[in-house]
Amino acid sequence: MQNILKADGTTFLKGCFSKEEVPKFLDGATNVYRTKGYIVNQVLSFEEDENGNGFVFSRDIYYRRTPKRDKEFERWFSDRQYTDGKRFPSQAYSRTYVR
């Protein structure tokens, strides 16, 4: 069972919900936040360059906001002090966009 870390520092168990109940934008996320046009799945990892220097890398999937996704987002994150959440900083990132 995999825990999903919420931006407010709390976690919930992914295995406690059926696959249909967990929105795709939560899958494997370290953090999920919302911008004006997107809900973003952020996966953070610690990487090393060729010289052995460490850095934080963020793999981001941007899901276009729709009424259905907004409703799901609000269901999962309505207990946040700032419902939209915020991005965790990183030194490098990649982005993928989903309609």
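When reading the values below, keep in mind they use all heavy atoms of this one structure, side chains included, and skip hydrogens, waters and symmetry mates.
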Discussion item. So which atom in Trp76 and which in Pro23 form the shortest heavy-atom distance, rounded to 0.1 Å?
Written reply: NE1-CD, 3.1 Å

Item to complete: Work out which heavy atom in Ser45 is nearest to a heavy atom in Glu47; give both atom names and the distance.
Response: OG-OE2, 2.7 Å

Response to the item:
Interatomic distance, CD@Gln91 vs CG@Asn53, rounded to 0.5 Å, equals 11.0 Å

Practice prompt. Would you confirm whether Arg64, through its side chain, and Tyr97, through its main-chain N or O, come within 3.5 Å as a donor-acceptor pair?
Written response: no

Item to complete: Following the transitive rule for hydrophobic clusters with a side-chain heavy-atom cut-off under 4.5 Å over Ile, Leu, Val, Met, Phe, Trp and Tyr, establish whether Leu26 and Tyr62 coincide in one cluster.
Response: no

Worksheet item: Counting distance only, does the side-chain N/O of Asp70 pair as donor-acceptor with the main-chain N or O of Arg65 below 3.5 Å?
Response: no

Worksheet entry | Counterpart residues, salt bridge (charged side-chain N to carboxylate O under 4.0 Å, His left out), relative to Arg69 (two or more places apart) | none

Item to complete: Could you check Val40, Val32, Asn41, Thr96 and say which one makes a side-chain contact (heavy atoms from CB on, under 4.5 Å) with Tyr63?
Response: Asn41

Worksheet item: Got a second to check how far Gln42's CD is from Tyr33's OH, nearest 0.5 Å?
Response: 5.5 Å

Worksheet item: For Lys68, what residues pass the side-chain contact (heavy atoms from CB on, under 4.5 Å) criterion, not counting sequence neighbours?
Response: Thr66, Glu72

Worksheet entry | CZ/Phe55: more than 12 non-hydrogen atoms of other groups inside 6.0 Å | yes

Worksheet item: How long is the gap from OG1 on Thr30 to CG on Asp60, to the nearest 0.5 Å?
Response: 10.0 Å

Worksheet item: Looking only at heavy atoms, what is the nearest atom pair of Arg34 and Thr83, with distance?
Response: NH2-CG2, 3.9 Å

Worksheet item: Do Val22 and Val98 belong together in a cluster built from hydrophobic side chains that touch within less than 4.5 Å?
Response: yes

Worksheet item: Between atom CG of Asp79 and atom CD of Glu74, what is the distance when rounded to the nearest 0.5 Å?
Response: 12.5 Å

Worksheet entry | Residues forming a side-chain contact (heavy atoms from CB on, under 4.5 Å) with Ser90, sequence neighbours excluded | Leu44, Val56, Ser58, Arg87, Tyr93

Worksheet item: Hey, what's the ring geometry for Phe25 with Phe73, parallel, tilted or perpendicular (30° and 60° as the breaks)?
Response: tilted

